[in-house]
Amino acid sequence: MDITTIIGAVAGVSMMVAAIMERSGLAGLKLFWSFSSILITMGGTFAATMVNYSFHQLVEVFAIAKKVIKQKDENPLALIDTIVRLTKKMRTQGPLAIEQDVKGISNSFLRHGFLLYLSNVEIEIIRTELETEITFLQERHKIGQEIFVTMGTFSPAFGMLGTIIGLIMMLAKLEDQSVIASGMAVALVTTLYGALAANLFFLPVAGKLKRKNDDEVLIKEIIIEGIISIKKGDIPSIIESKLKAYLPPKTRVRNIISK
Amino acid sequence: MDITTIIGAVAGVSMMVAAIMERSGLAGLKLFWSFSSILITMGGTFAATMVNYSFHQLVEVFAIAKKVIKQKDENPLALIDTIVRLTKKMRTQGPLAIEQDVKGISNSFLRHGFLLYLSNVEIEIIRTELETEITFLQERHKIGQEIFVTMGTFSPAFGMLGTIIGLIMMLAKLEDQSVIASGMAVALVTTLYGALAANLFFLPVAGKLKRKNDDEVLIKEIIIEGIISIKKGDIPSIIESKLKAYLPPKTRVRNIISK
Amino acid sequence: MDITTIIGAVAGVSMMVAAIMERSGLAGLKLFWSFSSILITMGGTFAATMVNYSFHQLVEVFAIAKKVIKQKDENPLALIDTIVRLTKKMRTQGPLAIEQDVKGISNSFLRHGFLLYLSNVEIEIIRTELETEITFLQERHKIGQEIFVTMGTFSPAFGMLGTIIGLIMMLAKLEDQSVIASGMAVALVTTLYGALAANLFFLPVAGKLKRKNDDEVLIKEIIIEGIISIKKGDIPSIIESKLKAYLPPKTRVRNIISK
Amino acid sequence: MDITTIIGAVAGVSMMVAAIMERSGLAGLKLFWSFSSILITMGGTFAATMVNYSFHQLVEVFAIAKKVIKQKDENPLALIDTIVRLTKKMRTQGPLAIEQDVKGISNSFLRHGFLLYLSNVEIEIIRTELETEITFLQERHKIGQEIFVTMGTFSPAFGMLGTIIGLIMMLAKLEDQSVIASGMAVALVTTLYGALAANLFFLPVAGKLKRKNDDEVLIKEIIIEGIISIKKGDIPSIIESKLKAYLPPKTRVRNIISK
Amino acid sequence: MDITTIIGAVAGVSMMVAAIMERSGLAGLKLFWSFSSILITMGGTFAATMVNYSFHQLVEVFAIAKKVIKQKDENPLALIDTIVRLTKKMRTQGPLAIEQDVKGISNSFLRHGFLLYLSNVEIEIIRTELETEITFLQERHKIGQEIFVTMGTFSPAFGMLGTIIGLIMMLAKLEDQSVIASGMAVALVTTLYGALAANLFFLPVAGKLKRKNDDEVLIKEIIIEGIISIKKGDIPSIIESKLKAYLPPKTRVRNIISK
C-alpha cells in the first residue's frame, strides 16, 4: 500500500482547507462547492479522454492505478535471499525438496519462474516467456501513465472552459455590480477544480505510476537473472553477487552490516 | 464503428449543456450561439490548416478519420484462427481447396496475403509487397494525426483572436457600462468555441487515430508473419504459437480457457 | 503555383472581415487599422529575427519561400514515364538519339542527371554529385522553415509587447473612463496583428515549406535512382518497377487503370 | 561550498526587497508576508511532489542537494598531479611505499581506486566496481534534479491556485470597492510566492545539480582512467598525457605555464 | 564584426520608440523608464542564472558572446585558396619555403595546423589534436548558448513577477481610482522590460551564437581536412576539390565564374 500517495493527496487538500479557514472560518468553505463545476471539469475531462482512448483502456487504467498503489513494495534483498536460500537447499536435497517452498512464495513472478525451472523447460524458453511478460507489463503501465498525463492536460483546459461559460452567463444578465463579483467567484471555482485535479491528482499519479513501474521491472529483471543463473548451474555465492549488482552499492553494504 | 468516440463527444457536450441549464434553464443556452464566432474560429482554423497542408491532404484526412472511426476492430484471435484453419485445410486437401475460402475472407489485407501466397510468388517479394503497404498506411495515418494536432493548435488561437476582435469592437463604441458586459459575453463565446473544438474534438481524435493506427499495424504484422510462416512450410501449431506471441499473455490464456 | 496557400490566407482574412462586418458593418473595419501597431509587431519581429540570423539568410528565405510557393508540383508518374521512355529510345537508337530530348526536359535536376549520364562519368561520381545537391537543398529548406517558425514565435510576443506599451500609455494619462475603453481597443489591435501573422502566415507557411521540401526531395530521389539504374544497364521494365516502389500502392494502381 | 548559489539566491531576494523599499519604504514589505499563502504554495507543492515520488526519495533529494552544494569543487589538475606523483613513487620504491600516502588522500573515490589497485584485484573487476559507482551516482543525481524540476513546475501552479482561492473569497463577500483592491493584493501574494520559489530556487538549483553532477562524473572518469593506466603499467608521462586529454586545451596549457 | 546583430537590436528598439512617439511625442517616453523595474527584471534574471551556473561560467559567456559577435566571418573560399596556394609552393620549393607564409596566416587554427604539419608530427596526432580543439570549442559555445536561452526564459518570468509586486503595492494603498491607473502603468513597465530583454536580446543572441558556432566549426573542419590531405601527399587539385565539397554547389560555381 503506497501510503505517501494518500498522505500527499490528503495533506494537499488539507492545507488548502486550512488556508481558507484561517482567512474566513468554516463559512468560507461553502464558496468552494459547485456541482455544475464538477460536471464541466470532470465530465469534460472524462469525455475527452474517452474520445482519445477506448472505453476498455479507460476501465483498465483505473484497475492498474488501484493495483499499483495498493501493491506492497517488494524488498529486493529479501527476494535475493529467497532465491539464494532455495538454490542452496536444492543443491543439497535435490529439486523435489523445494517444491513445497516454491508453492509458498508470495511473489507470483518468482513462483512462476521457479515452476518453469522445475518443469525442465529449456533456458531460452524460460527467458523468452519471462521477458515477454515484462514487455507487456511495461506496455500496459506506459498506457496507464499516458492516460493520466492526458487527463492532467485536459482537466485544466475544461476548468478554464467552465470559467468562460460562467463568465458569459454572468455578463449577459448583469444589472447590478454586486452580482458580477459573486458570479465571477462561482465561475472561478471551475478553474480551481481543473487545476487542483491536474496538479494534485492526475499529473503526480502519472509520475508515481512511472516510478512504481521502474521498481517492478527491476524486481522482475533480478528474478529472471536469478532463475537463469540457477538453470546455468551457478553456485549460490555467484548468484548472490550477480543479483546484488542490480542494487546500489550503499544498499548492498547496509545489508552486510545488518546481517 | 468506434462507439466511444461518439459517446465521448456527445457526453462532453451534454455535460456542458446540463451545467448551463442547471444554472439558468433553457434560456441560458441562447447565449452560446454566435454565427460570426463560428466563422472566425472554424474558418480561421481551416484557412490556416489549408495554408499549412495541401487541399488534397485536407480532404483525405477526413476520409481517413471517417474510415478509421467507422472501421470494426479486428479480433486478432479470430484472425489467427482463420490463418491456422486455412493452413490445416491446405495441408490435407492442397492449395486449390482453399481458393474459395480465401475469396470469402473479410479482411482485405489477409485476403491479399493469401492470394500472393497462392500465386506462388517468392517469399521476399511477398514480404516486401505487404510491408510496403504497411509503410504507406502508417505514413498516411501519421499525416492524418498531424493535421488533427495542427487544427487542435490553431483552433484555440483563432478562438482567442476572435475574442480580441470582439473586445476591440466593444471597447471602441462603448458608452454605457451594461453594453460592456454583454459585449464581452459575446466576445468570450469565440474563445469557448476554439477551446471546445480543440479539447473535445481535434486533439482527442488525433489521439484516437494514433491508437487505431497502432491496432491496425499490429493486425497487419500478424498477418505478414502468418503468410510468411505458411510459405516457409511451418506446421499449424508452430504458426499458432508464433502469431500468439504478438498478443499479451492474458489474452492468450483467456482464449485457451474459453475454448 | 501553390494555390491553396493563397486561397487559405485570403479565406482566413476574409472570414475575419466578414465576421466584423456582420457585427458592425464597414465602419467596424476602421478600428482594426493602426500604423504604429504594425511598426511594433512586424518591425519587432523582423528586428529580432535579424539579430538571430544573418541579413543574408533573411533575404534568401524570402527567395526560397517565393520559389517554393510558385513552383509547379511535379507529377512523379509523368517523370517516371519520361525516364522509361528515354531509356527505351536509347536502347534502340543509342545514346546520341536522346541528346535533343534531354535538352528539352523541363525538370532541371533530371536534365542534369541525364547530362551526367551522357558525359560518361563514373557511377559513384554521378551519385555523389546528385546526392550532394539534395543535401544542400534540404539544408537550405530547413533553415528557411526554421526562420518562419522563429518569426511565428516572435510575432505574438511583439504583439503582446505592443499591447503592454499601449496600456502603459493609456493608463498614465487617463482621466475620464471612456478614454480607457478606446485606448484599450487600440492597444489590443497590436496583439491581434501579432497573433494573426503567426497563425495565418508564419507558422502555416513553415509547415508548407516542410511539405514542399519532402515532395521535392522524393522527386529528386526517384530521379537519382532512375539515372543510376540506367547507368547500371537495367532494362526499362525493371527501372519502371524500381521507381514506382517510391510511390504509394494506390497511386501506382490508379496509373495502371488509367493507361 | 558553492558560494554562487547562496550569493545568487540572496542577491535575487535582496533586489526585490530593494525595489519594493525604493518605492514605498520599509512599510511596503509588510504587504508581502502571508502565512496562508505559504501554506498553499509550499504545502501544495510538497504534497503534490509526495504523491509523485516516495517519501524516501524526497528526503534523499534534500540530502543530495545539501551535499552537492556544500561539496568543494575538486581541482582536476591537482588530482592528476597526485596520481602521477604516487605512480612515480611506486615505480621507485614499490607499492608498499605509497600505502601511507593513499590513506591520506582526501578524495574518497581516488582512495578507493588506489586501495583496489593495491589489493591486486584484476583489471576488469576494478573497472566494473568503479564504473558501477558512477552509474548509481548519476542515477541518484538524475532523480534529484528531476524532483527539483517537478517542484519548479508545481510551485507556480499552486501559486496560481492560491490566487484563485483568494479571488473567490474576496469576490464572494465583497461590498465596498476598497476591499476588492486589498483582497486582490493578498490573493496575488500567493502567485508571487509560487513564481519566486520556482524561478529563484527550484529551477536554478535543478540546473546547478546537473552541472555539479557533470563535474563530479568527469573527475571520477579521470580517476578510473588513471587507476586503469597504472594497473596496465603505463609510465608516468603517458598517464599524465592520457589524463590531461580530459581537460580543455587552455587549462592544460595554463598549467604548464604556471609550473 | 556581426553588423546585423547590432542593426537588428537598434532597429527593434527604435521602432518601439517611433511607435510611442507617433502616439504621444517625446513626453510619452518618460513613462517607460523605471529604475526599480530594471532592478527586478535584470537583477532577478542574473541572480537566478547565477544560482543555475557558476560565476566563472557567467563571466566566460559574455567573453564568448563578445568574441563571437566581433569576430570577422571567415571566407571559406579564401581559406581554401590559401591552403592550395601554400601546398603548391611547398611541392615546388620544399616545406622550408612556406615557413614565413605560415607565420603570416591570420586564422590561428589554420596556422596551428600548418605548424603541426611542419613539425613532422604523425597524421593521427595532428587529427586528434585539432579535433579535440573543435570538441572543446563546441562544448564552450553550447554552454554559452544554453545560458542565453536560460536568461531568455528567466527574464519574462521576473518581468511578470515585478508586475505582480507592483500590483500588490498599488492595490494595497489604493484610495482614489486615478492612482490605480498610473500605478498599473508603472507595474506593467517591468513586464515590458522582461519581455523585451528576452525577445530582442537573450533569445535571438542565443540563436546567433548557434549559427556562428556552426560556421566556425565548418571552417575548422575544412582546415583539418586540408592539413590531413597535405600530410597524405594529395596533389593540389585533389585537395581543392575535396575541400570545396564542404561548400554548397552554388558557392563553388560562383567562384569559378568570378575567377
Side-chain angles (χ1 to χ4, degrees), chain C residues 34-58 112 128-130 132-133 135-137 139-140 143 146-147 150 153-158 160-177 179-180 183 186-187 190, chain E residues 2-24 27-28 30-32 73 156 159 163 177-178 180-192 195-196 198-201 203-212 215 245 247-251:
Chain C
S34 157
F35 178 67
S36 60
S37 294
I38 288 183
L39 215 61
I40 292 175
T41 315
M42 289 301 112
T45 302
F46 288 116
T49 312
M50 230 165 107
V51 177
N52 202 332
Y53 297 88
S54 69
F55 188 70
H56 169 72
Q57 285 173 313
L58 274 182
H112 183 44
T128 308
E129 172 113 10
L130 294 177
T132 306
E133 214 165 301
T135 309
F136 283 107
L137 183 90
E139 183 62 25
R140 238 172 27 241
I143 289 186
E146 209 188 299
I147 292 182
T150 304
T153 316
F154 281 134
S155 88
F158 280 95
M160 196 269 288
L161 244 147
T163 297
I164 293 173
I165 290 178
L167 281 177
I168 292 172
M169 293 175 68
M170 168 200 95
L171 288 165
K173 59 177 170 178
L174 150 109
E175 266 112 60
D176 59 316
Q177 287 224 329
V179 177
I180 298 192
V186 173
T190 324
Chain E
D2 191 76
I3 207 106
T4 49
T5 301
I6 312 295
I7 293 182
V10 170
V13 172
S14 309
M15 255 169 295
M16 306 274 148
V17 170
I20 292 166
M21 287 178 64
E22 198 233 294
R23 287 198 200 155
S24 56
K30 271 189 250 160
L31 295 170
F32 294 91
D73 276 346
T163 297
Q177 287 223 329
S178 67
I180 298 193
S182 74
M184 197 141 168
V186 174
L188 281 174
V189 167
T190 324
T191 292
L192 183 69
L196 204 61
N199 287 300
L200 202 55
F201 187 65
L203 297 180
V205 167
K208 179 75 93 187
L209 283 183
K210 187 175 179 320
R211 243 144 296 282
K212 286 274 176 178
D215 287 358
L247 306 179
K250 226 165 116 193
T251 318

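Chain letters run A, B, ... following the sequence lines, proteins first and then strands; every chain starts at 1.
For chain E, the nearby part of C:Ser34 is the side chain; its heavy atoms alone come within less than 4.5 Å. Using a 4.5 Å cut-off between heavy atoms, E:Val189 touches chain C through backbone and side chain atoms alike. In this structure, chain E has no heavy atom under 4.5 Å from any part of C:Glu129. Residue contact with chain E, scored on non-hydrogen atoms closer than 4.5 Å, is absent for C:Phe46. Heavy atoms of C:Thr190 lying under 4.5 Å from chain E belong exclusively to its side chain. Neither the backbone nor the side chain of C:Glu139 comes within contact range of chain E, judged by heavy atoms closer than 4.5 Å.
Residue with the most contacts toward chain E among C:Ile40, C:Ile164, C:Ile165: C:Ile165 (heavy-atom pairs, distance under 4.5 Å). With respect to chain C, the highest number of heavy-atom pairs below 4.5 Å among E:Leu200, E:Leu196, E:Val13 belongs to E:Leu200. Counting heavy-atom pairs under 4.5 Å between each of E:Ala187, E:Gly12, E:Ala19, E:Ala18 and chain C puts E:Ala19 at the top.
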Candidate pair E:Met15 and C:Phe158, rule side-chain contact (heavy atoms from CB on, under 4.5 Å), full reasoning: CA-CA 11 Å; E:Met15 255 169 295; C:Phe158 280 95; over 6 Å; no
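Between C:Glu146 and E:Lys210 there is no salt bridge, since no side-chain nitrogen of the basic residue lies less than 4.0 Å from a carboxylate oxygen of the acidic one.
Residues E:Ala195 and C:Met160 share a closest heavy-atom pair of CB-CE, 4.4 Å. Taking both residues in full, the closest heavy atoms of E:Lys208 and E:Thr5 are given as CE-OG1, 2.7 Å, listed atom of the first, atom of the second, then distance. Counting all heavy atoms, side chain and backbone alike, C:Ala48 lies closest to E:Pro204 at O-CB, 3.4 Å.
At least one side-chain heavy atom of E:Phe32 sits less than 4.5 Å from a side-chain heavy atom of E:Leu192.
In the model, E:Thr163 has a side-chain atom that pairs as donor or acceptor with a side-chain atom of E:Thr191 under 3.5 Å.
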